[in-house]
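Take a look at the structure set out below.
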Amino acid sequence: MERISGVPLEYQRRFLLKGFGPEKGKIKAVDELRKVVHFRRLNLTHEPYSVSGPFDLIFCRNVLIYFQWETKIKVVDSLGKYLTPNGYLFLGHAESLHSVADKLQNVEPRSLQTSKAPLIRTAALCILQRRDRPVKD
């Protein structure tokens, strides 16, 4: 319950179910949300991944910091292939990707983005968006 304190009440009421009885103090997402959210363990260094996309959002937080530079490039490129044209890749705030993703572009400082879609303020995330247009110099 403490973890959702920053989630607006409107979203809590619409998308979260609060437990009662032995489940008191716990929450779970409504079926509508659980049908579209998937959690998977993947070996990010081996494609193809066992998922079917494309995805609007991919969260891969605090993973790339453990990879060598060349592997980071490969993984970010691979994840980008699974995004919709205006999809976003969310990474941890400590993951620096300067000049790593040529198919993705910055959305916010320390992030990358694809095109026109503006993004709401982010908190401690590196956010990348798929780039469908060639990079301009």
Side-chain angles (χ1 to χ4, degrees):
M1 292 297 295
E2 293 172 12
R3 292 183 179 184
I4 66 165
S5 63
V7 176
L9 286 175
E10 175 188 341
Y11 293 152
Q12 288 184 34
R13 289 185 189 115
R14 184 172 175 197
F15 298 112
L16 301 175
L17 301 170
K18 294 182 181 181
F20 56 92
E23 301 300 318
K24 186 175 179 162
K26 297 179 181 179
I27 57 123
K28 75 175 184 178
V30 297
D31 286 341
E32 171 190 0
L33 189 57
R34 291 186 1 215
K35 286 179 185 175
V36 297
V37 174
H38 304 278
F39 294 91
R40 293 271 185 351
R41 283 186 172 201
L42 301 174
N43 182 337
L44 296 174
T45 62
H46 291 91
E47 268 198 285
Y49 301 144
S50 61
V51 296
S52 58
F55 299 101
D56 295 316
L57 307 170
I58 296 176
F59 293 86
C60 185
R61 297 195 53 206
N62 303 322
V63 173
L64 297 179
I65 56 176
Y66 299 103
F67 293 143
Q68 297 293 328
W69 190 254
E70 296 77 26
T71 306
K72 286 181 188 186
I73 294 168
K74 178 183 172 191
V75 169
V76 169
D77 227 23
S78 296
L79 290 173
K81 294 176 196 172
Y82 288 86
L83 289 171
T84 58
N86 288 317
Y88 292 95
L89 173 59
F90 291 82
L91 303 173
H93 70 282
E95 295 171 307
S96 172
L97 295 173
H98 299 294
S99 304
V100 170
D102 62 349
K103 293 181 176 84
L104 302 172
Q105 63 188 24
N106 284 323
V107 171
E108 296 264 330
R110 300 188 304 187
S111 340
L112 303 168
Q113 154 184 35
T114 31
S115 52
K116 9 175 187 286
L119 185 70
I120 300 168
R121 189 180 189 298
T122 62
L125 290 174
C126 178
I127 304 168
L128 309 169
Q129 188 179 21
R130 186 170 157 180
R131 181 193 312 259
D132 288 331
R133 294 185 240 169
V135 180
K136 294 180 182 178
D137 292 317

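Bear in mind that the values here come from a model prediction, so they are computed numbers and not experimental data.
The shortest distance between side-chain heavy atoms of V76 and L79 does not fall below 4.5 Å. Within the 4.5 Å cutoff, no side-chain heavy atoms of Y82 are placed close to those of L89. No side-chain heavy atom of I58 sits under 4.5 Å from any side-chain heavy atom of Y88. Contact annotation: the side chain of V75 approaches that of L64 to within less than 4.5 Å [non-hydrogen atoms, C-beta and beyond]. In this structure, the side chains of F15 and V7 stay at 4.5 Å or more apart for every pair of heavy atoms. Side chains of K18 and K24 form no contact here, defined as non-hydrogen atoms less than 4.5 Å apart. L16 places none of its side-chain heavy atoms less than 4.5 Å from the side chain of Y11.
The shortest heavy-atom contact between C60 and L91 is O-CD2, 3.2 Å. Scanning both residues, Y66 and N62, for their nearest heavy atoms gives CE1-O, 3.4 Å.
Criterion: ILVMFWY side-chain heavy atoms under 4.5 Å apart, direct or through other members. Under it, L17 and F20 are not part of a common hydrophobic cluster.
With values rounded to the nearest 0.5 angstrom, I73 atom CD1 is found 11.5 Å from Q68 atom CD.
Between K81 and E47, at least one side-chain N (NZ, or NE/NH1/NH2) sits under 4.0 Å from a carboxylate O, which counts as a salt bridge. Ionic pairing of K74 and D77 is not present here: no N-O contact between side-chain nitrogen and carboxylate oxygen is shorter than 4.0 angstrom.
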For this session: Apply side-chain contact (heavy atoms from CB on, under 4.5 Å) to L44 and V63, showing your working.
Result: CA-CA 9 Å; L44 296 174; V63 173; 3.8 Å; yes
